[in-house]
Novice: 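Quick one: structure below, then a few questions.
Order of the sequence lines fixes the chain letters, A, B, ..., with proteins taken first and strands second; residue numbering starts at 1 for each chain. Values below: all heavy atoms of this structure, side chains included; hydrogens, waters and symmetry mates excluded. Note that the coordinates shown come from a computational prediction; the quantities given were computed from them, not determined experimentally.
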Amino acid sequence: AQRVTQPEKLLSVFKGAPVELKCNYSYSGSPELFWYVQYSRQRLQLLLRHISRESIKGFTADLNKGETSFHLKKPFAQEEDSAMYYCALSGKAAGNKLTFGGGTRVLVKP
Amino acid sequence: GAGVSQSPRYKVAKRGQDVALRCDPISGHVSLFWYQQALGQGPEFLTYFQNEAQLDKSGLPSDRFFAERPEGSVSTLKIQRTQQEDSAVYLCASSLDEEQFFGPGTRLTVL
């Protein structure tokens, strides 16, 4: 069975401080990993995916297959980063359906 | 262009009523997904369509839940004899490849 775990429900950091959101997964096969973000009163949207290996809004995430992790990092948090963040995985064997973690709320304080 | 739209945005139903939730995907998107998001949790997969074919309905919680996409575009999720535990946000997403585009969701409250 595939599973995604986000151990932190809430992360509170000050503006300019680094932020790291943890994500661990279990999946039999080669998963595709994603981070989705939901800003206040907006719809869920893709932030980044591991296959693109790009940085979006200063965020990066590295897939560590040995530790089955896909942690999201940003060196200098901004107030506009305050949002709900969901880690998700999919796989061809699962028909590309997404399995989400429980989400982490990030609050960036001024 | 227009994104995924869902209607109604909010629905209040009395326990035992039937409800129908609509999803208009992005034009040309072959794949369509329904998810259920309970309060304080991440979205959970319900069902998946490729064009008009329902290829996976393993996430539907009971036989009271039924989804269709008869012409391979608009989809409807129907819940019969609603129960309080059905209260949640129902999300629809469409895709051409790996990236899924989500609608705003329908918040269903069952009293």
Side-chain angles (χ1 to χ4, degrees), chain A residues 1-10 21-25 27 29-54 56 63 70 72 83-106, chain B residues 1-7 9-10 21 23-26 29-51 53-61 67 69 75 77 88-107:
Chain A
Q2 53 197 65
R3 179 178 294 178
V4 177
T5 303
Q6 294 179 251
E8 303 121 338
K9 285 286 189 185
L10 172 66
L21 289 74
K22 291 185 169 48
C23 172
N24 289 89
Y25 67 90
Y27 184 76
S30 296
E32 296 184 33
L33 275 297
F34 306 84
W35 277 98
Y36 278 81
V37 61
Q38 188 167 27
Y39 301 103
S40 179
R41 288 191 264 284
Q42 295 187 27
R43 62 187 65 189
L44 202 58
Q45 59 185 284
L46 180 66
L47 180 62
L48 56 80
R49 47 183 159 176
H50 87 273
I51 57 172
S52 63
R53 301 186 63 81
E54 57 187 346
I56 305 293
L63 178 61
F70 189 56
L72 183 68
M84 279 294 297
Y85 292 80
Y86 295 95
C87 182
L89 71 79
S90 73
K92 291 285 190 252
N96 288 331
K97 67 183 179 187
L98 290 169
T99 297
F100 287 88
T104 297
R105 179 171 297 281
V106 172
Chain B
V4 178
S5 61
Q6 293 185 244
S7 61
R9 293 293 313 279
Y10 303 90
L21 312 180
C23 172
D24 285 80
I26 293 173
H29 278 194
V30 169
S31 299
L32 186 146
F33 302 81
W34 283 98
Y35 296 87
Q36 179 191 58
Q37 185 172 21
L39 187 64
Q41 298 182 24
E44 291 191 0
F45 170 78
L46 292 176
T47 187
Y48 158 61
F49 291 86
Q50 187 170 352
N51 294 306
Q54 189 175 20
L55 300 185
D56 187 346
K57 53 182 181 179
S58 62
L60 296 177
R69 193 186 185 197
S75 177
L77 176 67
V89 175
Y90 291 85
L91 297 170
C92 175
S94 69
S95 73
L96 268 179
D97 52 24
E98 293 85 7
E99 181 175 357
Q100 294 186 23
F101 294 84
F102 283 81
T106 294
R107 181 177 296 278

Novice: Is there side-chain contact between B:P43 and A:L44, with heavy atoms separated by less than 4.5 Å?
Specialist: yes

Novice: Heavy-atom distance under 4.5 Å to chain B: side chain of A:Q45, backbone, both or neither?
Specialist: neither

Novice: Enter the distance from A:F100:CZ to B:Q37:CD here, rounded to the nearest 0.5 Å.
Specialist: 8.0 Å

Novice: Do you know which two heavy atoms are closest between B:F102 and A:R43, and how far apart they sit?
Specialist: O-CD, 3.0 Å

Novice: Need one label for B:Q41: side chain, backbone, both or neither, based on atoms under 4.5 Å from any heavy atom in chain A.
Specialist: backbone

Novice: Answer whether the closest heavy-atom distance between the side chains of A:K97 and B:Y48 falls below 4.5 Å.
Specialist: no

Novice: Go through the atoms of B:S58 and report whether side chain, backbone, both or neither lie under 4.5 Å from a heavy atom of chain A.
Specialist: side chain

Novice: I need the residue from A:G103, A:G102, A:C87 with the largest number of non-hydrogen atom pairs under 4.5 Å to chain B.
Specialist: A:G102

Novice: Mark yes when over 12 heavy atoms from residues, nucleotides or ligands other than B:L39 sit less than 6.0 Å from its CG; otherwise mark no.
Specialist: no

Novice: In terms of heavy-atom proximity below 4.5 Å to chain A, should B:F101 be classed as side chain, backbone, both, or neither?
Specialist: neither

Novice: Starting at CG of A:L98, measure out to OG of B:S95 and round the result to the nearest 0.5 Å.
Specialist: 8.5 Å

Novice: Would you say A:Y39 has more than 12 foreign heavy atoms packed within less than 6.0 Å of its OH?
Specialist: yes

Novice: About how many Å separate CG of A:N96 and CG of B:L55, when rounded to the nearest 0.5 Å?
Specialist: 11.0 Å

